[in-house]
Novice: 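Structure in structure tokens, see below.
A, B, ... follow the sequence lines: proteins, then strands. Residue 1 opens every chain.
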Amino acid sequence: MSLTATDVKKIAHLARLNMSENDVAAYAEQLSKIMQFVEQMNETDTTGIEPIAHSFDISQRMRPDEVTETDQRAAFQAIAPQVEAGLYLVPQVIEG
Amino acid sequence: MEWETVIGLEIHAQLRTKSKIFSGAATEYGAEPNTQACAVDLAFPGVLPVLNEEVVRMAIKFGLGVSAEISPKSVFARKNYFYPDLPKGYQISQFELPIVGKGHIEVQLEDGTFKRINITRAHLEEDAGKSLHEDFHGLSGIDLNRAGTPLLEIVSEPDMRSAKEAVAYLKAIHSLVRYLEICDGNMQEGSFRCDANVSVRRKSDSKLGTRCELKNINSFRYVERAINYEVERQISVIEAGGTISQETRLYDPDKNETRTMRSKEEANDYRYFPDPDLLPLVVTNSMILAVQDDMPELPGQKRERFMTQYALTAYDADLLVTSRALAMYFETVVKESKAQPKLTANWIMGDLSGALNKANLDITESPVATTQLAKLLQRIEDNTISGKIAKTVFEAMWNNEGDVDEIIDKQGLKQVTDSGAIESLVAKIIADNPEQVADYRSGKDKLFGFFVGQAMKASGGKLNPQQLNQLLKEKLAG
Amino acid sequence: MVYKTIAELSQDLANKKISSVELTQQFLDRIERFDKSLNSFITVTADQALAEAKNADAQRAKGEAGPLTGIPFAQKDIFCTQGVKTSCGSKMLDNYISPYDATVVKQFKKAGTVLLGKTNMDEFAMGSSNETSYYGPVKNPWNLETVAGGSSGGSAAAVAAYLTPAATGTDTGGSIRQPASLCGISGLKPTYGRVSRYGMIAYASSLDQGGPMARTAEDIALLMNTMAGFDTNDSTSIDYPVPDYTSTLNDSMKGLRIGLPKEFFGAGLEKGVEEAIQAAIKEYEKLGATIHEISLPHSALSIPAYYVIAPAECSSNLARYDGVRFGHRCKEPKDLEDLYKRSRSEGFGPEVTRRIMIGTYALSAGYYDAYYLKAQKIRGLIREDFSNAFDNVDVIMGPTSPTPAFKIGAKTDDPISMYLSDIYTIAVNLAGLPGMSIPAGFVSDLPVGLQLIGDIFQEPRLLNIAHSYQKVTDWHTRIPKGF
């Protein structure tokens, strides 16, 4: 699969990464190469093979419904870039 | 041109757990900002989710409540998008394999008939935080207390054909989740929310029209108004020769209109994939059986039973089963008073509900306990007081003036049943009102009420009405 | 003293030949002296280390010492350490002081080890040469012009240069075994789920696994006794009994069935490396093992499958770095999108950016089935390959890396050639199996690693096999010139 500049821009936006026009061209070429390399997989027939998301077929463990966490806001917000009145601040969020 | 409206709802019910779906932080509403957001909720580097067993139990409960298939294996997936109220940059949800599969619920429409609404699926997911738009020097504030609160998203088939049907369905689900005690149903606090997918088509069309998703409709009233507005809008667009484009629209209750939030082209590419931090959720038969043992009687079943066991009308039964607590109040009073169920229902739906509404109280907060109301009904049935006097007694009970019998005694409200005493009172009234008696006797039947009124007035309302009627009739007949 | 193993140091501490404070000071001195050239540490926690050593000595005086009490030690900078900078090798977290301890960090604190510092690594563990670190490449102590391997290159180099007796690593596609091989030390990637991932900053969650890096299998066994175990904070942690990993170290090699996958000895394997591996296999034959040729038919597909699965997971795992709650935030963002895009682009280096792009693409609408789903199916085939192989053999052996350490800068312009340096290690992660690398000779004065792959939870057997080899060879005792 060859990626176009449009593809690269779309992906960069989805991943919220900045990309200059120069970067776009370079990434288009590089990612195309990597995706072509990855496409070796297509030479193997996988009809009827079960896809696996984890190495082992085990099931989710559950925890009891208990409150175990205490308020650590002060410690957590000590490393935050911008807070006020206990809130994390970001540029204005436009509802959407 | 005849138009048909097609509506499907997506309901988000916050599950009533103590802790969050994937962390041990508290879920209580109204805490100081970010004091109930732990390292997992804040998505600090290295943290991992662990599933709360109670949410699974609650989801199964809901599934059983709508006669749905419970998936033996369901999978948590990540829905990826960037938003400041979504700390991980993805929401853990269920996509391809939800915990609850196809189910249905019977919904009563305005005309009293029932309609089955099919439920496509219900899946578990985590709630996001909140963006506060008060001005922080042109910035928004983010509170992540709600992040990670468990949600059950209930998706219906596009089975509803009017805004009223949609509201009826929403109410049925609202009542169900409260019955099951899996959601507090508080729409103001956002613990029960709804999005609607609305489309219109000409009655002759077999294909569905293009739909719009309406967001932010968080009261029964708004649901109806928003859908009605949207239906009108879509019809007028099409009638003017336009086409509907698939989009998400926001309902503005102040202006009573919907407006475009984002078009399909702008729609996110969510890149769902199985969450590698969580393993497949396996629900065993024994888990389902355990939940089954714990299932309360559901509104529909209760309604049927009330109609047969207590010979109530469908209307009364419906009103009584709207909440589990109300139905329980009714049954307790019937049992304690041994009064007629119909009389009991009338009192609960009438005077009691009226007083509760006025005081903005829930049935569980009623100042009149079941034993008190039961005693009051007993006193009506054993003719100690009349139904009318009972209202006075009820008011006193409501104001906490003491026990039923105490109130009756203290205020001297006991009904006069001594026929001698009634007779002499009737005789006096006939003697005092010769003109009316003459008119009555000459055929003015309507005056009968005048004599009843005079007698009641003279006795302070304490006469037994049946006895009074009988005696009056006899004496007036002359 | 610094050239001793943990097992030996533990004896010396117990016999009061040295105090933990003295030992710690010696290692701190060595770090001070040698790490300018190696760059194996991102943070040295000298004051804290000495305080911890003092505590350890006090604990010992009270008679409450365990085998690791007072042993100096280093953590890969991917393990969150409360109150200490935890950068994950990234500018994104250059200012990040973790507010909590990873489970692994807690375990070692509880065992009484002394934290010397946090080791350098490829940015977010993405790399095979430690050149993607925001803090610059780690040099290989055997030849300062070559790479230390990656992503746990700092840990490998620090252990190889005797700046610490041991360190933790993490292995997503070979990140413990490959640098261990390139630096001439021992490293174990345990079975997926054996060591808690809680507080270990995620790269690719379904593949990441922490493990110990030290000079000998015996030391690794001691570290595993502390590190392994079930953790309720990690849903993928497996509740399986933890053995005493030291108790089976000396079991016999008689009748051990060694499988040699023919796919591990084909084109691309450097001749000198192959010779060293064959020589090591001969040693095992001498000890009574039998050799069997086996096949892992889909192993060539492990790299393509990995470079879909790992980037897909990483693209999502790294979405949390958005400049809102912690980490790098760009200056004066003009709107929300600008905040996200600039904070992330300024905070992430080129390889991380590349993998996020690959993963986002592979998961995006229309491509999911062709890439992600296909890769998951290939993963199924690879797991099956191993499962078939272990029907007939007890352990699989081969080279850890096709070449010894390569020159710094040699592969930085060609991502695919860099990715191929993990050709023998990646399949093990896809199958979730335990794998080890131990020193097995040299080629052109650079170490060669022998890889041992075991079936699920066969760490005790792997350690036994590695230890048996180390009893009859001395590759693991060599000291790089100048250190």
Side-chain angles (χ1 to χ4, degrees), chain A residues 1 3-4 6-19 31 35 38 41 46 49-96, chain B residues 17-20 23-27 31-42 44 50-56 73 75-76 80-85 89 131-133 135-144 216 248 250 261-262 266 268-269 271 273-276 278-282:
Chain A
M1 179 67 66
L3 280 86
T4 63
T6 317
D7 292 333
V8 171
K9 283 180 191 163
K10 191 191 119 201
I11 301 162
H13 175 69
L14 273 178
R16 296 296 185 273
L17 293 164
N18 254 348
M19 204 140 287
L31 294 187
M35 295 328 283
V38 155
M41 293 191 299
T46 49
I49 303 293
E50 198 56 38
I52 62 165
H54 295 94
S55 300
F56 308 129
D57 301 319
I58 48 178
S59 59
Q60 179 61 33
R61 192 165 25 83
M62 289 177 253
R63 59 174 183 83
D65 180 25
E66 283 162 11
V67 176
T68 53
E69 301 298 320
T70 51
D71 172 23
Q72 292 192 68
R73 185 175 80 180
F76 291 157
Q77 295 197 339
I79 51 171
Q82 199 178 358
V83 287
E84 195 174 307
L87 298 161
Y88 293 97
L89 295 193
V90 297
Q92 200 98 62
V93 177
I94 295 131
E95 201 59 62
Chain B
T17 52
K18 294 199 245 346
S19 64
K20 294 192 177 168
S23 83
T27 53
E32 281 291 298
N34 291 310
T35 54
Q36 286 179 173
C38 71
V40 173
D41 307 328
L42 293 169
F44 274 105
V50 184
L51 182 62
N52 183 339
E53 65 183 3
E54 191 60 25
V55 304
V56 175
K73 183 177 150 182
V75 168
F76 287 101
N80 295 285
Y81 65 96
F82 284 89
Y83 208 69
D85 65 10
S131 307
L132 304 175
H133 304 291
D135 195 26
F136 291 96
H137 349 283
L139 302 172
S140 288
I142 308 295
D143 174 10
L144 295 168
N216 193 31
T248 303
L250 195 70
M261 217 166 117
R262 58 175 174 265
E266 294 168 61
N268 264 305
D269 179 348
R271 290 158 286 137
F273 75 107
D275 191 328
L278 293 160
L279 299 161
L281 171 59
V282 171

Novice: Is any side-chain heavy atom of B/Asp41 closer than 4.5 Å to one of A/Phe76?
Specialist: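 Not touching, per the 4.5 Å side-chain cut-off.
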Novice: B/Asn34 side chain to A/Gly86 main-chain N or O, any donor-acceptor pair under 3.5 Å?
Specialist: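 Side chain of B/Asn34 to backbone of A/Gly86: a pair is present.
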Novice: In terms of heavy-atom pairs under 4.5 Å, which option from A/Ala85, A/Ala75, A/Pro64 contacts chain B the most?
Specialist: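 The answer is A/Pro64.
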Novice: Can you name the closest pair of heavy atoms from B/Pro33 and A/Arg73 and give their distance?
Specialist: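 Taking B/Pro33 first and A/Arg73 second, the nearest heavy atoms are O-NH1, 2.5 Å.
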Novice: At a 4.5 Å cut-off on heavy atoms, which part of B/Asp275 comes close to chain A: side chain, backbone, both, or neither?
Specialist: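 For B/Asp275, the backbone is the part near chain A, not the side chain.
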Novice: At their closest point, which heavy atom of B/Cys38 faces which heavy atom of A/Glu69, and how far apart are they?
Specialist: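 Shortest heavy-atom contact: CB-CG, 3.6 Å.
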Novice: Heavy-atom cut-off 4.5 Å, strictly under: side chain, backbone, both or neither for A/Ala15 against chain B?
Specialist: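 Backbone only.
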Novice: What part of B/Ala37 lies closer than 4.5 angstrom to a heavy atom of chain A: side chain, backbone, both or neither?
Specialist: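 Contact with chain A: backbone only.
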Novice: Measure B/Pro280 against the heavy atoms of chain A and call it side chain, backbone, both or neither at under 4.5 Å.
Specialist: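 Backbone plus side chain of B/Pro280, per the 4.5 Å heavy-atom cut-off to chain A.
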Novice: Tell me which of these, A/Gln72, A/Glu66, A/Lys10, has more heavy-atom pairs under 4.5 Å with chain B than the rest.
Specialist: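 So the answer, after comparing A/Gln72, A/Glu66, A/Lys10, is A/Glu66.
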Novice: Donor-acceptor pair, distance only, cut-off 3.5 Å: does the side chain of A/Arg63 make one with the backbone of B/Ser23?
Specialist: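 Flag set: sc A/Arg63 to bb B/Ser23 pair under 3.5 Å.
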Novice: Let me know if B/Val75 has heavy atoms under 4.5 Å from chain A in its side chain, its backbone, both or neither.
Specialist: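 Neither part.
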Novice: Under a 4.5 Å heavy-atom cut-off, does chain A meet the side chain of B/Tyr81, its backbone, both or neither?
Specialist: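 Neither part.
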Novice: With rounding to the nearest 0.5 Å, note down the distance linking CD in B/Glu32 to CG in A/Asp71.
Specialist: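 Between B/Glu32 CD and A/Asp71 CG, I get 9.5 Å after rounding to 0.5 Å.
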Novice: Quick one: does any side-chain atom of A/Arg61 pair with a main-chain N or O of B/Leu279 as donor and acceptor, under 3.5 Å?
Specialist: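 No; zero donor-acceptor contacts below 3.5 Å.
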Novice: Shortest non-hydrogen contact from A/Asp65 to B/Glu54?
Specialist: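 It is CB-CB, 3.6 Å.
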Novice: With chain A, which of B/Val282, B/Leu281, B/Asp143, B/Thr17 has the greatest number of heavy-atom pairs at distances under 4.5 Å?
Specialist: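 Max contact count across the listed options: B/Thr17.
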Novice: Kindly give the heavy-atom pair with the smallest separation between B/Pro84 and A/Val93, and that separation in Å.
Specialist: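 Smallest heavy-atom distance, with atoms named: CG-CG2, 3.7 Å.
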Novice: Do A/Glu84 and B/Leu139 come within less than 4.5 Å of each other through their side chains, counting heavy atoms only?
Specialist: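 They are not in contact (no side-chain heavy atoms under 4.5 Å apart), so the answer is no.
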Novice: Just so I understand: if I count every heavy-atom pair under 4.5 Å between each of B/Lys20, B/Gln36, B/Lys73 and chain A, which residue has the most?
Specialist: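 Most pairs with chain A among the choices: B/Lys20.
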